[in-house]
Amino acid sequence: MDVSYLLDGLNDRQRDAVSAGEQDMLVLAGAGSGKTRVLVHRIAWLIQVMNASPLSILAVTFTNKAAAEMRGRVEKLLGRDVRHMWIGTFHGLAHRLLRAHYQDAGLPQNFQIIDSDDQQRLLKRTIKALNLDDKQWPAKQAAWYINAKKDDGLRPQHIDTYDPTEKTQLQIYTAYQEACDRSGLVDFAELLLRAHELLRDNRHVREHYQRRFRHILVDEFQDTNQIQYAWVRLLAGQQNNVTIVGDDDQSIYGWRGAQVENLQHFLRDFPQAQTIRLEQNYRSTATILKAANQVIANNSDRLGKDLWTEGNDGEQISLYAAFNEQDEARYIVSQIVRWRDQGGALSDVAILYRNNAQSRVLEEGLLYASIPYRIYGGLRFFDRQEVKDAVAYLRLLSNRRDDAAFERVVNTPSRGIGERSLGLIRDYARSQQLPMWFAAQAMVNDAILSGRAKSAVAGFLDLINQLDQDCFELPLGKQTHKVLQGSGLLAMYEAEKSDKAETRVENLKELVSATETFSPTGDEDLSPLAEFLAHAALESGEEQADAHQDAVQLMTLHSAKGLEFPLVFMTGMEEGTFPSQMSVGEPGRLEEERRLCYVGMTRAMEKLILTYAESRRLYGQENFHRPSRFIAELPPESIQEVRVQTRVQQPQATRSRFHTGASHESFVQTGYQLGQRVLHQTFGEGTVLNYEGTGAQSRIQVNFDDVGSKWLMVAYAKLTPLNG
DNA sequence: CGGCCAGTTGTTTTT
DNA sequence: CAACTGGCCG
């Protein structure tokens, strides 16, 4: 059979990785070095050339999107369906293991996955039930603590502490876990931990999968945490081949438990492993690569890697010093307009920022210039309130013990079961060690509740039972529709007259069509409903409707990882913003910020533009920060500092806040230049920072040397321009 | 039970 | 500054 097509168009290092024999391998894959391609070709090679069965391959990724893409590309390359090959996220695979071996894992068959939002709600109630002050013990922090422990493989009984703070956190952890177990609920970290314990403690299960998975491939290995790596080692056993692909320079999730050190640990634990470096970059210009290399070279303990390209130097990196964030937005918009005028597509442009708060001013600027844009991140489909409400009803139908779902819908829409009645149910449930559903049942039957409360609660119990009966044999779509109608959820949002409520109704309808088109695999003996619920919990639905519109892409530096754009703006290049204030001072965290900078820079294919603002408003406070230290780490010859050309107009025309493209106007306006020094009769000397408004209303912002920054009406301020 | 006001608190995000 | 929470009152 001719398999040369599996190596076609690959460089030597890529070929080495794809065609390696049965062995362990570390592929250190630099940004834009064709990493996914190598993984996909390697899998195809294993099947086609080495006669591996698709069933003997386990491929792990970090997002569902990456998993889907990988499967699609393998199928395309092989021209055959590999539906039964295990490709998925750590969480997805853990879930699959737990479903298949729920008894060995000590879980009920209908266990349900909860997301971080559910987790926090549950924690909040747990903390209240422990009579702890929820101000002093925020659910968020408790979740942080618990997840960190689980990521390290620790159960409460493994933790021994004399620290009183941690003692309480431990107490919360214990109570929370009991609540989860009672309700058949599994959080994300629990999926991984339980699956690990399952493999570790059950020899027959472990050996079964060790025999099966001859080839294990893990992508984005620098993002694995302790338990995920422990998992890989367990499955690898003594004889299986492990290929890990990663880049220590792109490790940017240390703050949520990822351990770059796992790369080193791998080399220690798999001493036979061959290391292959993919350093040829197919994405960026030589100038961009050189600059990125030079920045990342400031980090210590790197495995070492230098990106190179056969391509051209390309344009220099532009650096724009804005006076404030509005000016920054203005400049970016002007450059995008220029890009578009020269025939560039808007979807080829990305604006990257360190934190989401920065997007607002940028949005305003784009909006004013009528440039379509799309923001990545934000609320995803299954995270929306109304969708979660509807899903909670389905969850309760699937599992009456699900307290999280019970709490969520028992009074949504309101049916007269208030905090008081609910408190009684909670107390009784706790004292009897019962899930709330059964506690409520007992309270109605044994007349512990009476009067209004009793009939309200009885009404809810009847409603759910009735829905269950009506839905029992219906297909999933009809079932969902029935639940939306019967529960009154749809009616509740339909009755509300607001744009918000309208979108909510639309989302509920969208949920119905999602359940209609959902195709269950029937793999683990689950009902279609149970399978859909797992799907909803594990894949929160990233796709956005207008994804294919020609629009500028706005996103955080973190969400840009893995993407590429011809034109990239990196904004807010200031100390305190990037690197973030929270990270300066801690060398480890600072290095992670530097890696983030490296990730951002290497997103750019043709042109990279960096911007920083001398003054930036944060939490209503004007802040003055030095340019980011990362700017000083760039090779000076790669940088072109952009001269300020924007000018302020005297009050006259109908113009406002965003002077899009002002820097290209051929005429020079009479007026003040941003950054210009001016003199005020009472305030003294200062620097022009910003301006806004039209005509007689136009105002100018001046940062006075003695009294700080002030907004003044241009018409009355009587400013004298100073030479400078 | 719901609405309003005052007080609080602000990285990065996927599963 | 603004979004969100919690407490209090009608």
Side-chain angles (χ1 to χ4, degrees), chain A residues 60-67 88-96 113-120 124 128 133-135 138-141 143-144 147 150-151 186-193 195 220 223-225 227-228 251-258 325 352-361 376-380 382-383 385 411-422 452-453 456 534-542 555-562 572 576-584 586 589 592-593 595-597 599-600 616-623:
Chain A
V60 193
T61 62
F62 268 81
T63 64
N64 292 301
K65 200 173 147 195
T89 62
F90 274 105
H91 293 85
L93 300 170
H95 173 243
R96 212 165 157 173
I113 303 162
I114 54 171
D115 64 17
S116 10
D117 186 56
D118 296 327
Q119 184 187 35
Q120 275 184 39
K124 206 168 177 176
K128 278 213 176 110
D133 178 5
D134 57 354
K135 278 243 168 72
K140 214 174 164 181
Q141 264 176 43
W144 191 262
N147 294 336
K150 288 188 176 182
D151 284 349
V186 174
D187 62 47
F188 288 133
E190 183 74 18
L191 279 173
L192 301 177
L193 179 53
E220 304 276 15
D223 289 337
T224 50
N225 63 30
I227 199 83
Q228 288 163 337
S251 157
I252 55 174
Y253 288 109
W255 54 274
R256 64 173 203 217
E325 70 271 25
L352 311 182
Y353 35 81
R354 179 64 179 81
N355 63 294
N356 289 307
Q358 287 171 255
S359 76
R360 251 192 47 182
V361 179
Y376 273 66
L379 262 198
R380 283 180 304 249
F382 287 111
D383 293 338
Q385 179 194 303
N411 202 35
T412 313
S414 68
R415 41 178 76 92
I417 305 173
E419 239 348 273
R420 220 175 47 84
S421 316
L422 208 48
R452 275 209 322 264
H535 165 82
L538 281 174
E539 310 195 22
S540 31
E542 347 196 355
M555 68 192 83
T556 62
L557 285 154
H558 281 89
S559 31
K561 197 171 84 157
T577 300
F578 188 33
S580 152
Q581 193 58 53
M582 323 286 281
S583 301
V584 296
E586 263 183 81
R589 306 193 67 180
E592 184 156 308
E593 298 273 328
R595 292 193 290 268
L596 193 55
C597 183
V599 166
R616 183 179 298 275
R617 222 175 167 71
L618 187 67
Y619 309 140
Q621 276 267 307
E622 196 126 32
N623 293 285

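Please read these numbers as outputs of a predicted model, since none were measured by experiment. Each chain gets a letter, A, B and so on, in the order its sequence line appears, and its residues count up from 1.
Considering only side-chain atoms of S580(A), the nucleotide from dT15(B), dT13(B), dT11(B) that sits closest is dT11(B). Looking at the side chain of Y253(A), the nearest of the listed nucleotides dT15(B), dT11(B), dT13(B) is dT13(B). Side chain of Y619(A), nearest nucleotide from dT11(B), dT15(B), dT13(B): dT11(B).
Counting heavy atoms from C-beta on, the side chains of F188(A) and L538(A) come closer than 4.5 Å. For the pair E539(A) and F382(A), the minimum side-chain heavy-atom distance is 4.5 Å or more.
Applying the side-chain hydrogen bond (donor to acceptor under 3.5 Å, both in side chains) test to D115(A) and every residue at least two apart in sequence or in another chain returns K388(A).
Contacts between chain A and DNA chain C, taken as any atom within less than 4.0 angstrom of a protein heavy atom, begin and end at dC1(C) to dG6(C).
Spacing between dT11(B) and dC4(C) at atom P, rounded to whole Å, works out to 13 Å.
One cannot find a donor-acceptor pair under 3.5 Å joining the base of dT12(B) and the side-chain atoms of S559(A). Residue side chain R354(A) does not reach the base of dT11(B) through any donor-acceptor N/O pair under 3.5 Å, judged by distance alone.
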- request: Evaluate salt bridge (Lys or Arg N to Asp or Glu O under 4.0 Å) for R354(A) paired with E593(A), printing each intermediate quantity in order.
  value: CA-CA 10 Å; R354(A) 179 64 179 81; E593(A) 298 273 328; 2.6 Å; yes
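For dG2(B), one of the phosphate oxygens OP1 or OP2 lies less than 4.0 angstrom from a side-chain nitrogen or oxygen of S414(A). Look at N356(A) and you'll find a side-chain N or O under 4.0 angstrom from OP1 or OP2 of dT13(B).
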